[in-house]
Engineer: 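Structure in structure tokens, see below.
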Amino acid sequence: MLAYLESLSLVDHHCHGVLNRDLDRPAFEALLTEADHPGPTSMFDTQVGFALRRWCPPVLGLDAHADPDAYLARRAELGAAEVNRRFLAAAGLAALCVDTGYTPESILDPPDLGRLAGAPAHEIVRLESVAEQVAADGGGAATFADEVRARVEGSGAVGAKSIAAYRAGLELSGERPSAAELTAAAGRLMREEAPRVCDEVLHRFLVWCAVDAGLPVQFHVGIGDVDADLRRGDPLLLIELLRAMDPAPAMLLHNYPFHRNAGYLAQVLPNVYVDVGLATHNLGHRAPALIAELLELAPFGKVLYSSDAFGLSELFHLGALLFRRGLADFLGGGVDDGAWTAADAERVAGLIASGNARRVYGI
Amino acid sequence: MLAYLESLSLVDHHCHGVLNRDLDRPAFEALLTEADHPGPTSMFDTQVGFALRRWCPPVLGLDAHADPDAYLARRAELGAAEVNRRFLAAAGLAALCVDTGYTPESILDPPDLGRLAGAPAHEIVRLESVAEQVAADGGGAATFADEVRARVEGSGAVGAKSIAAYRAGLELSGERPSAAELTAAAGRLMREEAPRVCDEVLHRFLVWCAVDAGLPVQFHVGIGDVDADLRRGDPLLLIELLRAMDPAPAMLLHNYPFHRNAGYLAQVLPNVYVDVGLATHNLGHRAPALIAELLELAPFGKVLYSSDAFGLSELFHLGALLFRRGLADFLGGGVDDGAWTAADAERVAGLIASGNARRVYGI
Amino acid sequence: MLAYLESLSLVDHHCHGVLNRDLDRPAFEALLTEADHPGPTSMFDTQVGFALRRWCPPVLGLDAHADPDAYLARRAELGAAEVNRRFLAAAGLAALCVDTGYTPESILDPPDLGRLAGAPAHEIVRLESVAEQVAADGGGAATFADEVRARVEGSGAVGAKSIAAYRAGLELSGERPSAAELTAAAGRLMREEAPRVCDEVLHRFLVWCAVDAGLPVQFHVGIGDVDADLRRGDPLLLIELLRAMDPAPAMLLHNYPFHRNAGYLAQVLPNVYVDVGLATHNLGHRAPALIAELLELAPFGKVLYSSDAFGLSELFHLGALLFRRGLADFLGGGVDDGAWTAADAERVAGLIASGNARRVYGI
């Protein structure tokens, strides 16, 4: 199965840009995990660190398991542009859907990423960023809703993303907000010095804007940066809105450690799709266990691949490689055991690698 | 160990009736998972679908991995009566405990099931259905409680079932409701046009009716139909009532994805028992992982088998087969590793296959 | 890897005393799990019971898998003192950190344990016990805070432990309580006949006392005695206080079944450390699966060993043995698979066995 998976190009339906400058060890380590500062131990002494040291040095011409300083020296020698070129190419992507809403510093944009990957790069519009920009641009609370709707519709994106999980949490009602609720919430947002959406009404409104624009809606779920409050990131909290959105597609991203809950939602709700992006490379050698757990309840037509790569181009390669290997383990193990046929396994591999994403996003 | 498990008849302590009519593909798929409508992908492309295609065609005289249409054609050719006869017989049951409270259309009743299975079929009375029937029958709120108690006591059932998890949720207090609370709640119920119990006081009252009638109480926990709100289905929510009921047996059904939480309750509370019905066949090839996780904390004298089969007689066979194989994996793996003796493994197999259920239900 | 792990002494950073008297079967079984009474089945028919029967009889000169009565007869023949001596020595400890705050009956104290183990035994001061003693000693609410602070600082302990999870729960704010809040809470506590801390303000105050005294703070998390309400024991509830404490070390104990949530906190928060004490021996043959799950997100420099042994000296041996074997499985499996080098695996083994604990506690 692994050879078959390696022959398949993947649609990476959720990723970000990467840095285009050389990185010293602290800067590199800071991008390797989601902590905001490293604490007493090296971030290389983690599953993701060990996985990176196993799989990435050969792409740069070093032996596997190179030590961190040797790896970073070689990385600097080649330069960021060459490193990014190699890892994006190594990922073997058929298409990318790039979340352009998080840019703490200058990173490669979708056209750049697509050129390096040799694949079309589509944009995912981050809903809260649109709303914050509209609020910052001024105008009245009365026109806020129309302006946000117009920008989402006119974004040219193939999907939208909600980061409610980072802000007010995923417990969003299924109701469309009333005009009065919305005007009040917009007014509050516009009175903030640096508008930052953290309001159940606004998150919900934004989701409906995307639905009305015909866009699949990605939801950040589960693990993420340290400022994600995981208590409010369980996808079960979102069930009412997921039901209300049907048949608009809802894409649950990351999901760990709630991936079994997400699989349940993908089974019982026809419009719900799931992935284990970010967690796949974070878990490294344990990624096969994660993928097997996701595939307990989630129908095979509802599972997608994403890297959630950000900052380091290594993560495009690592995510794709670990996902292919984990999925090959799972599907090939079933074939070996007689649980399903090789033909069915290959068909499922094709769905998960790219077919499901192509169908949902229309790419 | 597998041969030994295959020699043991199972008590299926929680199941439902099956349809006695031929089914087209949409009707069959709709019964294969808990979604209320299928969405864009076939329900055969799931773990349960793949497991069914592996294990069920041979019972109907086809090769394993038959494709869905060939399978359904053969099913139609044999007819529902013959198909049901074969799968109920194949399950290898020593006894059945049948929940008779969910009959969206005509299904086989316990005597029919028992005849097909060649085993006694006992009834489990669904508590909310009794209360709803009493309310629909009229009479006053003042006599409601006595009438419900009388019907539960006179039901002839070997156990009772609460579906609080589908309605008001599992966060039920341990207190018996006062007469005043009860009369008020009964009054509210009786004023509904189609009485439907969804009231913390009534769910709790019903559990105490069953306890007072000397019946073990089954609780729906964790996964279920799409209208189960999994947020309110974590068994930890039930801890106060579980403590208060002791020594009356509380049977936690399904439990996935909270099966580890359920195992904890089975360890620390002497009256709590657990199973992984429904999840066993839903997880298909992953059922061994599920069973191993359940057996982390749950004492071996507190674990039972159930299929939670509904609608399709295949699920009786599939549940029993996957459970036997998963338990054999777990117990046999431990013998191979020297973790326990074959004699202890066989003793535990006997407890879980039927001994624990016989002791609790007195059958 | 197993030989290497067996060559390493462990720091057991969270344990309790053991009984120094002979035990009949009911008394022994009662100490084997966390239930408060056994219910209908033997506590030997559990993972911990089977693991004990596999690994402990040889230490007393019996064959593995001895039956419980034979084992207890041999235990009585040797006498508690000899049994304790053998199991503490067998554990292979480099140091112990002993929680002295739970003594329902006379148990061995840290110096006794250290002598039997041949290793230094440090004290962990239980914060709620200090506060309850101060309240019981009288004095005014106004001096309560100073007196508690003085006793924590003067305790000579290498760490402090909070049992908020057993009382008011882990949802503790990150704010330091105000003097007024504290005086009010102290007044309430002092008016109780038998003062028992169960108050969000007091738990929080106690944590800050420990932080101010420069002590790492252990938190009971997840499974425990039957009076632990697991709903309030999820480590995610503690995130605000964990953030606020940084850089003071927070040690999350036990964690099962929330060990993946704990691993996430250890990744994103620089001051958070984790273990799977208690769960390791409770899960017996499944301990390797638990350890592998803990090591998904937790950085290798943030994972510690503890037994959480209480009452039975067998648990010191069993915890250490199962932890060494589970960690060897994990690390050695990765070496076999090429996921990391043997040198890196040995380095990580050393961190987890003792290096991380020595660094945090300064021992």
Side-chain angles (χ1 to χ4, degrees), chain A residues 29-30 32-55 63-68 222-234 254-260 276 278-290 293 322 325 329, chain C residues 170-171 234-240 242-243 246-247 249-250 257-273 289 291-303 330-331 333-345 347-348 350-352 355-356 359-360:
Chain A
E29 289 205 22
L32 204 50
T33 75
E34 306 293 321
D36 61 352
H37 70 109
T41 64
S42 168
M43 284 299 113
F44 276 102
D45 279 346
T46 56
Q47 290 277 10
V48 62
F50 276 26
L52 185 142
R53 286 176 53 210
R54 177 190 196 177
W55 296 111
D63 287 341
H65 310 299
D67 79 32
I223 57 165
D225 301 343
V226 61
D227 56 329
D229 183 344
L230 213 51
R231 282 176 292 185
R232 299 181 310 214
D234 184 332
H254 323 316
N255 292 302
Y256 184 93
F258 308 118
H259 47 288
R260 282 171 155 167
V276 282
L278 181 59
T280 304
H281 64 254
N282 259 308
L283 267 62
H285 190 50
R286 286 284 297 173
L290 170 69
E293 289 181 5
L322 291 169
R325 295 181 68 89
D329 262 20
Chain C
L170 288 177
E171 194 156 10
D234 184 331
L236 297 178
L237 299 174
L238 196 58
I239 192 166
E240 286 174 27
L242 295 173
R243 276 196 191 114
D246 184 42
F258 308 118
H259 46 287
R260 282 170 154 168
N261 299 5
Y264 164 78
L265 294 170
Q267 192 209 46
V268 299
L269 297 173
N271 59 319
V272 172
Y273 297 78
I291 290 166
E293 289 182 3
L294 179 68
L295 291 169
E296 290 175 352
L297 281 193
F300 307 141
K302 303 297 228 31
V303 176
F330 174 78
L331 292 174
V335 173
D336 293 345
D337 191 56
W340 43 72
T341 63
D344 275 323
R347 188 170 55 81
V348 168
L351 289 174
I352 295 177
N356 295 331
R359 194 180 65 241
V360 175

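So that the names make sense, note that chain A is the first sequence line, chain B the second, and so on, each numbered from 1. This one's a predicted model, so the numbers in the text were calculated from it and none came from an experiment.
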Engineer: Hey, are A/Arg54 and C/Asp344 close enough for a salt bridge, meaning a charged N less than 4.0 Å from a carboxylate O?
Structural biologist: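 C/Asp344 and A/Arg54: not salt-bridged.
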Engineer: Heavy-atom distances under 4.5 Å only: say whether A/Arg53 touches chain C with side chain, backbone, both or neither.
Structural biologist: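 Answer is side chain: those atoms of A/Arg53 sit under 4.5 Å from chain C.
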Engineer: Are there over 12 heavy-atom neighbours, none belonging to A/Asp63, within less than 6.0 Å of that residue's CG?
Structural biologist: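 Incorrect, the count does not exceed 12.
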Engineer: So which of A/Thr46, A/Ile223, A/Asp45 has the largest heavy-atom pair count under 4.5 angstrom toward chain C?
Structural biologist: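 Counting heavy-atom pairs under 4.5 Å, the top option is A/Asp45.
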Engineer: Please classify the contact of A/Asp67 with chain C as side chain, backbone, both or neither, using a heavy-atom distance under 4.5 Å.
Structural biologist: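 Neither the backbone nor the side chain of A/Asp67 comes within 4.5 Å of chain C.
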Engineer: Between C/Gly334 and A/His285, which heavy-atom pair has the shortest distance, and what is it?
Structural biologist: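 That would be CA-NE2, 3.8 Å.
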Engineer: Going by distance alone, is a donor N or O of one side chain under 3.5 Å from an acceptor N or O of the other, for A/Asn282 and C/Glu296?
Structural biologist: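 Note: A/Asn282 and C/Glu296 side chains miss the donor-acceptor criterion.
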Engineer: Between A/Thr41 and C/Leu351, is a side-chain contact (heavy atoms from CB on, under 4.5 Å) present by the stated rule, with each step listed?
Structural biologist: CA-CA 10 Å; A/Thr41 64; C/Leu351 289 174; over 6 Å; no
Engineer: If every non-hydrogen atom of A/Pro257 is compared with every non-hydrogen atom of C/Arg260, which pair is closest and at what distance?
Structural biologist: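 Closest pair (atom of A/Pro257, atom of C/Arg260, distance): CB-CB, 4.0 Å.
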Engineer: With a 4.5 angstrom heavy-atom cut-off, which part of C/Asp234 approaches chain A: side chain, backbone, both or neither?
Structural biologist: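 Contact with chain A is absent: no heavy atom of C/Asp234 under 4.5 Å.
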Engineer: Looking at C/Gly338, C/Gly263, C/Ala298, which makes the most heavy-atom pairs under 4.5 Å with chain A?
Structural biologist: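 Greatest number of close heavy-atom pairs with chain A: C/Gly338.
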Engineer: For residues A/Thr33 and C/Gln267, report the shortest heavy-atom separation together with the two atoms involved.
Structural biologist: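 Reported closest heavy-atom pair: CB-NE2, 3.6 Å.
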Engineer: Quick check on the interface: out of A/Phe44, A/Trp55, A/Tyr256, who has the most heavy-atom pairs with chain C under 4.5 Å?
Structural biologist: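 That would be A/Tyr256.
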Engineer: Side chain, backbone, both or neither: which part of C/Tyr273 has a non-hydrogen atom closer than 4.5 Å to chain A?
Structural biologist: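 For C/Tyr273, the contact with chain A is made by the side chain alone.
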Engineer: Most heavy-atom pairs under 4.5 angstrom with chain A, which of C/Gly301, C/Ala339, C/Pro299?
Structural biologist: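 The residue among C/Gly301, C/Ala339, C/Pro299 with the greatest pair count is C/Ala339.
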Engineer: Within the distance-only criterion (no hydrogens, no angle test), does the side chain of A/Gln47 pair as donor or acceptor with the backbone N or O of C/Leu295 below 3.5 angstrom?
Structural biologist: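 Between the backbone of C/Leu295 and the side chain of A/Gln47 there is a qualifying donor-acceptor contact (under 3.5 Å).
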Engineer: Quick one, A/Arg231 and C/Ile239 - any side-chain contact, counting heavy atoms below 4.5 Å?
Structural biologist: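 Sidechains of C/Ile239 and A/Arg231: in contact.
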Engineer: Quick one: closest heavy-atom pair of A/Leu230 and C/Tyr264, and the distance?
Structural biologist: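 Minimum heavy-atom separation between A/Leu230 and C/Tyr264: CD2-CD2, 3.4 Å.
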